[in-house]
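Written below as structure tokens is the structure these notes are about.
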Number of protein chains: 2
Amino acid sequence: MPDSKPMTDDEIHREILEAILDGRLAPGEKLGQDELGKVFGVSKTRIRPVLHRLTDQKIVTIEPMRGAFVARPSVEEARAVNAARQIVEEGVIRAATRAAQPKHITQLREAVAEEQRARSRGDTGQAHRMTGEFHCELARVTGNDVVVELVRELVSRDSLVVALYQRPASSGCSLGGHADLIDKIASGDEDAAAHAMRHHLQDVMASLDLGGEARKAPSLAAAFSHLGNRR
Amino acid sequence: MPDSKPMTDDEIHREILEAILDGRLAPGEKLGQDELGKVFGVSKTRIRPVLHRLTDQKIVTIEPMRGAFVARPSVEEARAVNAARQIVEEGVIRAATRAAQPKHITQLREAVAEEQRARSRGDTGQAHRMTGEFHCELARVTGNDVVVELVRELVSRDSLVVALYQRPASSGCSLGGHADLIDKIASGDEDAAAHAMRHHLQDVMASLDLGGEARKAPSLAAAFSHLGNRR
DNA sequence: GCAAGAATAATCGTATACGATAAGGACATT
DNA sequence: AATGTCCTTATCGTATACGATTATTCTTGC
């Protein structure tokens, strides 16, 4: 069954986005229009708007007349996104602290537990995704869908940053960070929660390796290192 | 000179966006693809992605197989956008208060002065735009471009809301609100600034008429009222 | 005279076709 | 042998063409 259904634009968008966020498409990778069109069984006419949309989300970079590539955010952009998260999510956690009800606390704790389970299971991909999802869950406590989408967008961009700059041995987010955030929210101390959030995001940033050059693009030498030097 | 240059996608996007935000294109108005294509001297192929981009920004609504229209945000969405602004801009003004330097204060005061000048000049369109621009200027104090873009997006959506729901006699934003915000920032009292921001945005919301139905779409009867009833 | 249905017209969504631009390789030159 | 230039090829960006769906109008019956 090569093509069961035509597949809607949003589905194609979600599919490509998830592939990138899950790391199945590495930063710098080429996203050919005809190639993707064949993958999804549609013409490149349908692919084009999706690529543009991903470009607006800063997940994809379009180089004129050259094509679309999975974005490789610069160190400056990485810092900017993290700083933006500090600013926005401070407002989020303050609002969440003010709005939090017992059921929200249990929901958040459950999300952390699930994240921990995935991590101990060794499923780093799922764990990483849950890490981002926790922040969305936090935004959801505010009861505001607009904020949730904003946070989701920022978290997506940050996922790319992590994929590019995380240290090889690093397992990801600081382990106890999220549990601590929940405690602060549950205590109702808005300032403490905001403080914890800022430092949590700073910790994430500090765990990255922004000093050296970005993880090399999947280009040539690295991709074909198993062949050895032939000449 | 019908078509001097082909005009880039971003230019077309900016042009349509400004037309909507300036109120030259009222909420609910039809945005035909061929029609816009003729306006900008290009084919509808170029118009389509722009319309989709505006749809992602919630400035335009696309009804499948019917066409694109200037968005008419519902009352629920209006409340959600305003609530989101309260959450996000609380974080923004806190960061701005922490980062503010004397030059920033003078810049902000200058922005308010310009806004007041436009208002006393009777240029409500420019005044309204400056009102939004002030909040972007505030975000710029944080030195973070990502945050500026986020705020700009929210402000754009709010502009549509105001265009739809503002009371006929209302002149717009509360006059002294912005000056008060600057005072709080200059004082360095982060909590006071945050508090002022939340109430400022609540005041804007309160000045709207969300009880009744939305401003009627510019459809038929209104557009051709100058012809009188013919039949 | 009015309402319901059918035919026409207009517009959207998608695919295909074509010109333009940049990458990759062959050949000539130093 | 290495480098620079030209040519071929592949891919992007845009326009045009066509099928599908909806709005409008005209006709017909009540």
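Below, all heavy atoms of this structure are taken into account, side chains as well, without hydrogens, waters or symmetry copies. All figures in this text were calculated on a predicted structure; none of them were measured in a lab. Each chain gets a letter, A, B and so on, in the order the sequences are listed, and its residues count up from 1.
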Which atom of B:V141 lies closest to which atom of B:A96, heavy atoms considered: CG1-O, 3.8 Å
A:D10/A:R53 salt bridge by N-O under 4.0 Å criterion: yes
A:R117 CZ: over 12 foreign heavy atoms closer than 6.0 Å: yes
Step-by-step side chain to side chain contact (heavy atoms under 4.5 Å, CB included) determination, A:R72 to A:T61: CA-CA 8 Å; A:R72 304 181 74 249; A:T61 304; over 6 Å; no
Length of the CG-C1' vector between B:L36 and C:dC12, whole Å: 13 Å
DNA chain D contacts made by residues 45-55 of chain B, counting heavy atoms under 4.0 Å: B:T45, B:R46
Near-ring test A:H52/A:H13, centroid separation under 6.0 angstrom: no
Position toward the 5' end of DNA chain C (nearest nucleotide), A:P64 or A:S43: A:S43
Span of DNA chain D, from the first to the last nucleotide whose atoms fall under 4.0 Å of chain B heavy atoms: D:dT14 to D:dA23
Under-4.0 Å salt bridge between A:E76 and A:R79: no
Donor + acceptor pair across side chains of A:Q86, A:Q202 (<3.5 Å): yes
Euclidean distance, A:L54 CG relative to A:I12 CD1, rounded to 0.5 Å: 11.0 Å
